[in-house]
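Heads up: the structure comes next, in structure tokens.
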Amino acid sequence: MANAIDQDHEEEDENNDDEEDSSLKQNKKKRRGSNKNRRKELSISCMLNTEVGAVLAVIRRFPDPTSQFMSSSSPEETCDSSLLNSLKSLRALIFDPPQQWHMMDPLIYITPFLDVIQSDDIPAAATAVALSAVLKILKHEIFSEKTPGAKDAINAIVLGITSCRLERTDSTSEQSVLMRILQLLIGIMRNKTSYMLTDHAVCTLVNTCFQVVQQSAGIGDLLQYNARHTMHELIHIVFERLADIDAIVGPGESRGNDDDDDVDYERSMNSGYGARCAIDIFHFLCSMLHVVEVVDIDGSTVTSSDENIQIFALILINSAIELCGEGIGKHPKLLKTIQDNLFFHLVSSGACSSPLVLSMICSTVLNIFQFFRRSIRLQMEAFFVFVLLRVANGGSLILSQEVALEGIVSFCRDTDFLIEMFVNYDCDPLCRNVFEDVGRLLCKKAFPTSNSPLSSIQKQAFEGLLIMIHSIADNINEDNENSDSLIESYPIVISEYKPFWVAERKNDENLQPWIESLRVRRAQKRKIAIAGDHFNRDEKKGLDYLKIASLNPNPPDAKALAYFYRFTPGLDKNKIGDFLGDPDDFNLQVLKEFTDTFEFFGMILDNALRTYLEAFRLPGESQKIQRILEAFSERFYDQQAMEIFVNKDAVFVLCYSLIMLNTDQHNPQVKKKMTEEEFIRNNRAINDGKDLPREYLSELFQSISNNAITIFGQSGSYLEMNNNRWVELINRSKSTEPYILCSFNQSLGRDMFASVSGPTVATLCAIFEQACDDETLHECVEGLFSVAKISRFGLEDTLDELIASLCKFTLLLNPYATTEETLYAFSNDTKPRVATLTVFTIANNFGGTLRGGWRNIIDCLLKLKRLRLLPQSVVESSLVSSPSSDLLMKNESSRTSGIHGGRYMAGLIGRFSQFLSLDNTDDSMAQMGSELEQNLKLIQRCQIGNIFINSSILTEDSLHTLGRALIFAAGGRGHKFSTSVEEDEIVGFCWELLTTITLSNIHRFSSIWPFFHEDFIVVAQYNTFSSCPFTEKAILCLVKICEKILSTFRSEKSDEEYIFKSINLMWKLDKDVLDTCYEGIAPVVSKILTEYPANLQTQFGWKSILHLLSITGRHPETYDQCVETMIMLLSEGIHVTRINYGYCIEYAFGFAALKISPLEKSWKILDLMADTVNLIVQWYQNDLIDPENNRSFILADRLSFTPENCIHFFNHKRRWQAWLSLGMTGNIYMCIREAKDLHQENALSKLGLVIKAKIDETKVDMCSYHREESKEQEKKKEEGTLKEQRKHHEKVFQLRLNHIKGNCYSDLRFILFVLHQLEFCMFMLLGYPWGCRHMLPDTVESLSTTYLTIRMEKELNMRQYQDSMQERTYHCVSKLAPRGLSIVPHFDASTNRVKGRRTTNS
């Protein structure tokens, strides 16, 4: 317990000790602070005492000999006693007692020094010391914003400095005083209390500094430098603070009301200077741009702009804009100053400025654009039109042109500027085509001259052109999903009338409608230009075209026509004036709408009239002039700024008076000119009986007298900006949509480049041709790749033009150069090889955009083939990996997906850099070997084979043109072959490439091959077409393509039909081509029938493939393969269908009839043919065919076309085997009887046709034997054949009789067919013993009687056909009966039978 108490006491003692220590530390700290303040106060007292003593010492010093106050008295007696007394009083106050200067009113110790500064009887040295004393006071920060009287003190210092007086003294002393004044100005603005300065005080400081700048011009360079530096620092301080100051508006006023000049920008008394002084200073800086100097030249004075002051002012303006930035937008009046005052000075003086001033102007405008582009839309257009484009086009010195071009290039470096310039100006029918003009200007200036290196201007323009191209290419959207829809959306079609002067507002949430509206307005603008051209030639045609182009509705709209007259550049001003002055009601409406497009706010009458008359030429007829001036007077009266005119009639009268005054003052034929008094007297009491202000009329008179109202001619164009046009521009800007901010879009980017594509490609190709150094060549290649990248989006013609030019640079297409000359030039010049590499690289990566350019590429490729620079197989060699191919394959995935980013382009350009570096190394020959090795390596880098291997990424249109180019080249169009070997190589090479692209695009075969087939037909019609090598190579390649197509099953049959049409076309062009190429065709055809027969779906396909098999199987080399294929096809029977049955039998019969065919093979084929009858029965049983469809059994039709084969190839053994096999077909009867619900009648009819065909063949054989008087043995064999035929004929007839129906016409045809065949047998047997002949009448009687009897038994009505049948049968039998014997059939009514009666012919 005791220990615990002791511990508590110890803790309390420790806490008390800590408290005592902390209090002691605080006391020590206070004492140290107090001592520090006392020391500081003491130092201030010493400093003040020193400065007072220094001033008094200088005043007491012996006077300057040059001073105007030279006297014998002492200096103290000559000085104002009050000055000395105030200084002495201050010194007495300093130490007695010690003062607390921070709490004292600053005016107490500052006023004595200010009195010295403002005194005019004090030496310059004393003034300099007093200025230094005040500067020390400010630097020591004796007073602060919390010090009482600080605001009065700091403003008093400003007043004292600006009221500084000096007696006349030497220049050194004057420079010393001015230097101290400059230092003090900076000291004031950097002091913490500077924000308490009033706006007037700050403006006074800046004005004082500028006066020093002006005075220092004749004193010394050092002083001038310091003065300019001080001025820059002052501007920096003022405008740096402005960024944090909000504009204070007066009661009842809204922020941003920049039309009200009385907006209160004054800060409160406690807040100090603010926006008001910044606005006044900025106005002052703008006015410095028009400071002029008067020069005396030959006794006459000439005024010119002071270049030094202009540059100094532009530097300060740039500094102010850079410091404030977007903060200026918070101060509407300051922004208005930039929009109006500053820009007017920049635009009006820019075109005639020196290169240095122009450079500063461009920098200033660029800075303004970066911060305030939303507010300077029309101003930027004016700057480009009146300054940059005008100067760069050659209106000034060469150095000025370079500066203007540099300014344009600086703007182009801003990526957003390019697209925004196109959207805001080129897509607005009321504005100039700024982007297009800039692009064409760069192309014009960059275009090289012949046989000379690029000048500095050309290099600069070339740089700007490349920046523009790369910017579009790098920023254009590459979304593959939208690429197809993008290309399909060109060109824009204006289908309905839309007011072209009305713009659709941008909706950030849905940009597509806005983009489409921009493109429509762009199209309207182009149509307007076309209409203007028509209008200048024929007024009526121009107005009609406006209706055709949907730019003016029907009936016409007066406002549309008014805007057309007002804003279309280059219109005939005379025609406009005549139209506007016409008294027709519609013309008067157009005149009113036309006049309403003008804004006359803020203009005096003569300037408004000048602006109005610049748009057209005033007609000469007085009534037309009256109507036009009445419309102008009404518009001006409604918009007059001052209430001078009581009514519009006063304006009208005064306008007439001004026009008369203009004619009087500036017409040389008028000798006696009107005076001012006469003009005023002539216009008395015109203002509703009252006089207009004399000063107003006097001003009008002086303006007209000094500056005539210019009447423009045809174009009405002007080259400079004047005050009238600027006021009208500012007025129009108030109703114009703000500058549109946007980013790159695929459609807009394409339209941008399309407007300058032609000149761009021409310029790049010209520079490529004239380039003398590798750097320029490399830059050209980069530009060409960017052009190709942009061209993918619907600019096929541009890429074709580019490829055509590059192919010319390869030197491969020179028709006048020999092979040796071409090879030498290609091997020893870098440019042709770079061009070759460029061409094939573009084809590899942007081939989907190529159209007509493929022809040039194929021509170059064939030339390389002739030069032996290509490998034996381009396609196979491209599959071999190489450094360049690896690079290409790495980028393949990105290329096929449509992504060509910066990394990919860098890879492509890297290939060219590597190539150029190797080519220009001193030991390049050692590195790359011989010339041949160099060329081969170059061709390897080109990756030619990949063009065809990867052709699946090409669009269909591009693929069509590529295939057409290859087909035409293979057909000899545009090519002359020196030897047949060369022709064979070139044609084979073209077909190899065509096969490659076809196999690569087999998935879209049906969409591309019909075009190729049409091209085959076109090529075959050329006079230079040679069928021999073309068809030989074609048939082999087509068979390969056919194999590829049939290797997979396709639901659509069109592919099969297309390829076989082309194959048939080739053997029609050359009938012997199949016999020539049989060794290449037979294996492919056999493979198709062996492995892919199920994929053959069309009758035409089966016919064609079996025909190929049959023709190629004629030759001993291929017979075994082809006949085995046919035997396999018939043996399996799976692929023999009702579609191909007839063709299978026909061509199988052809194989059996071949002389080279072994007997065993022929018998086997015939047996297989006979076995196919089972298939016919099976088809009937399964109801797979239409019984009335004659195509079901095409056997008879096909066999009827083969008598020639029988004559030439069938010997008696094969013929007997054929009839034995055919006899087996009688089994069909048993099958038919067992089948149910089958059409046996039709089957028997078809079988009869089969027999008929074989009998017809036998006819020919019999006739041949009789003509040739063959041996009796051969005749006997033929007799046996004939008997076999008769047996089969009777068998079929008997089968037919059991199935007779009521169709007597069909039965009649059948019986007549039998009689005709028997007639043949009769004639054939005439040369044999009569014993054979007696069988014929009995056969006829038996068959006829049986036929009619069966019909009667079945009670079939034949009465109506009886007479006709008897008559026809009679004629047939009459021919059959031997001479003198006649068989007359008659009907026995008792037995209801028809009997034949033999009679002897009379």
Side-chain angles (χ1 to χ4, degrees), residues 113-114 117-118 124 127-128 130-132 134-139 154-166 171 173-191 193-242 272-291 293 306-324 360:
F113 297 107
L114 296 179
I117 294 172
Q118 296 179 60
T127 305
L131 290 170
S132 298
V134 176
L135 181 59
K136 281 187 176 182
I137 293 172
L138 294 176
K139 286 184 176 181
I154 193 69
N155 284 279
I157 293 174
V158 173
L159 180 61
I161 294 174
T162 56
S163 303
C164 177
R165 307 267 179 126
L166 289 179
S171 60
S173 300
E174 185 177 358
Q175 288 187 44
S176 176
V177 173
L178 293 177
M179 290 287 288
R180 284 175 170 78
I181 290 175
L182 295 174
Q183 295 173 1
L184 188 52
L185 294 177
I186 293 296
I188 294 172
M189 295 303 297
R190 288 180 177 175
N191 192 266
T193 59
S194 61
Y195 75 91
M196 295 182 175
L197 292 172
T198 62
D199 290 321
H200 177 73
V202 175
C203 293
T204 304
L205 281 176
V206 174
N207 185 51
T208 301
C209 186
F210 181 72
Q211 290 179 5
V212 176
V213 172
Q214 292 290 83
Q215 293 178 14
S216 63
I219 298 177
D221 294 338
L222 180 60
L223 177 61
Q224 188 176 33
Y225 172 79
N226 287 328
R228 289 176 178 268
H229 177 72
T230 303
M231 186 79 172
H232 190 275
E233 287 294 320
L234 293 177
I235 298 299
H236 186 281
I237 294 171
V238 171
F239 283 91
E240 186 179 33
R241 184 170 183 266
L242 181 66
Y273 73 91
R276 180 57 182 270
C277 70
I279 295 170
D280 292 341
I281 292 173
F282 203 86
H283 270 291
F284 172 71
L285 296 178
C286 293
S287 65
M288 290 170 61
L289 296 174
H290 270 197
V291 174
E293 58 181 354
D306 191 339
E307 182 176 319
N308 292 328
I309 297 299
Q310 285 183 330
I311 295 174
F312 182 52
L314 289 171
I315 292 174
L316 298 177
I317 291 172
N318 268 330
S319 178
I321 294 173
E322 292 167 359
L323 287 169
C324 290
M360 290 300 304

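Side chains are part of it too, since the values below use all heavy atoms of this structure and drop only hydrogens, waters and symmetry mates.
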For [X], all residues meeting side chain to side chain donor-acceptor pair (under 3.5 Å), sequence neighbours excluded:
X: Asn318; value: Thr364, Asn367
X: Thr193; value: Asn191
X: Gln183; value: none
X: Ser132; value: Arg180

Pairwise side-chain contact, [X] with [Y], heavy-atom cut-off 4.5 Å (strictly under):
X: Leu184; Y: Leu138; answer: yes
X: Asn308; Y: Arg228; answer: yes
X: Ile161; Y: Val134; answer: no

* Decide yes or no on side chain to side chain contact (heavy atoms under 4.5 Å, CB included) for Ile311 and Ile315, but give the supporting numbers first. => CA-CA 6 Å; Ile311 295 174; Ile315 292 174; 4.0 Å; yes
### Task
Starting from the C-alpha separation in whole Å, work towards a yes-or-no answer on side chain to side chain contact (heavy atoms under 4.5 Å, CB included) for Ile281 and Leu234.
CA-CA 10 Å; Ile281 292 173; Leu234 293 177; over 6 Å; no
Indicate the atoms forming the closest heavy-atom contact of [X] with [Y], along with that distance.
X: Gly187; Y: Leu135; answer: CA-CD1, 4.2 Å
X: Val206; Y: Met231; answer: CG1-CE, 3.5 Å
X: Thr208; Y: Thr162; answer: OG1-CG2, 3.1 Å
X: Asn155; Y: Thr198; answer: OD1-N, 3.3 Å
X: Cys164; Y: Val177; answer: SG-CG1, 4.4 Å

Measure the [atom1]-[atom2] distance between [X] and [Y] for me, rounded to the nearest 0.5 Å.
X: Cys324; Y: Glu240; atom1: SG; atom2: CD; result: 9.0 Å
X: Ile186; Y: Glu233; atom1: CD1; atom2: CD; result: 5.0 Å
X: Cys209; Y: Asn226; atom1: SG; atom2: CG; result: 10.0 Å
X: Thr127; Y: Glu174; atom1: OG1; atom2: CD; result: 11.5 Å
X: Leu185; Y: Thr204; atom1: CG; atom2: OG1; result: 11.0 Å

Side chain to side chain contact (heavy atoms under 4.5 Å, CB included), that's the test. Do Ile137 and Ile157 meet it? Break it down for me. CA-CA 11 Å; Ile137 293 172; Ile157 293 174; over 6 Å; no
Taking Ala275's backbone N and O only, do any of them form a donor-acceptor pair with Asp199's side chain (distance below 3.5 Å, no angle check)?
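No: the side chain of Asp199 does not pair with the backbone of Ala275.
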Any donor-acceptor pair under 3.5 Å from Gln310 side chain to Leu289 backbone: yes
Sequence neighbours left out, what passes side chain to side chain contact (heavy atoms under 4.5 Å, CB included) with [X]? Give chain and number order.
X: Ile237; result: Met189, Arg190, Tyr273
X: His283; result: Ile279, Thr337, Asn341
X: Ser287; result: Phe284
X: Asp280; result: Cys203, Arg276

Output a table of donor-acceptor pairs, distance under 3.5 Å, between side-chain atoms of residues 210-225 and any protein atom two or more places apart or on a different chain; print 'none' if there are none.
| residue | atom | partner | partner atom | Å |
| --- | --- | --- | --- | --- |
| Ser216 | OG | Val212 | O | 3.1 |
| Ser216 | OG | Val213 | O | 2.7 |

Test log, rule side chain to side chain contact (heavy atoms under 4.5 Å, CB included), inputs Phe113 and Leu131: CA-CA 7 Å; Phe113 297 107; Leu131 290 170; over 6 Å; no
